[in-house]
Amino acid sequence: MASEQDVRARLQRAGQEHLLRFWAELAPEPRAALLAELALLEPEALREHCRRAAEACARPHGPPPDLAARLRPLPPERVGRASRSDPETRRRWEEEGNTTSSTWTPPTWSCLSSACCLL
């Protein structure tokens with residue numbers, strides 16, 4: 001297990017040293033649990049994640065001003081409805097869904113929660 005000093009140095013490189021602000025108030029067991037979780041974080045990935053989160057928060061809320069001008073209806077060949085499709089089309093869609101879902105993997109996050117990125 002990484003030492004407190006190692007984890008503290010890694011968090012400092014990531015600009016997240018505030019995660020240990022209440023370290024002294026923790027009992028030994030919660031300290032060990034927190035240390036184990038924090039040791040898994042990669043400082044550079046965490047820094048980049050938090051930088052991007054801060055940028056996203058700084059942007060104006062809502063859609064970009066030019067979004068309405070860029071939106072177009074989908075072409076008819078892109079719109080389908082299973083209840084009105086022939087059996088061959090439904091079979092093809094099912095195959096495509098099975099192929100896609102078997103290769104999909106969920107994203108991984110490099111921080112404990114969204115709170116770690118709040119500065």
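Every heavy atom of this structure was used, including side-chain atoms; hydrogens, water molecules and symmetry mates were not.
- In this view, Glu94 satisfies the salt bridge (charged side-chain N to carboxylate O under 4.0 Å, His left out) rule with no residue, not counting sequence neighbours.
- Counted within 6.0 Å of CZ on Arg52, heavy atoms from surrounding residues, nucleotides or ligands total 12 or fewer; the atom is thus considered open.
- For Glu44, there are no salt bridge (charged side-chain N to carboxylate O under 4.0 Å, His left out) partners at least two apart in sequence or on another chain.
- Judged by distance alone, the side chain of Asp86 and the main-chain N or O of Thr89 form a donor-acceptor pair under 3.5 Å.
- Nearest heavy-atom pair, Ala2 versus Leu35, reported as atom, atom and distance to 0.1 Å: O-CD2, 3.3 Å.
- Taking each heavy atom of Leu26 and Arg31 in turn, the nearest pair found is O-NE, 3.3 Å.
- What you find for Leu19 and Leu34 is that their closest heavy atoms are O-CD2, 4.3 Å.
- The residues Glu95 and Arg92 are annotated as not salt-bridged, no charged nitrogen and carboxylate oxygen being separated by less than 4.0 angstrom.
- Other residues, nucleotides and ligands contribute at most 12 non-hydrogen atoms within 6.0 Å of the CZ atom of Arg21.
- Contact record, Leu38 with Arg10: O-NH1, 4.2 Å, taken as the closest heavy-atom pair.
- Nearest heavy-atom pair, Gln12 versus Glu17, reported as atom, atom and distance to 0.1 Å: CA-OE1, 3.4 Å.
- Checked for salt-bridge contact, Arg91 and Glu88 meet the test: a charged N lies under 4.0 Å from a carboxylate O.
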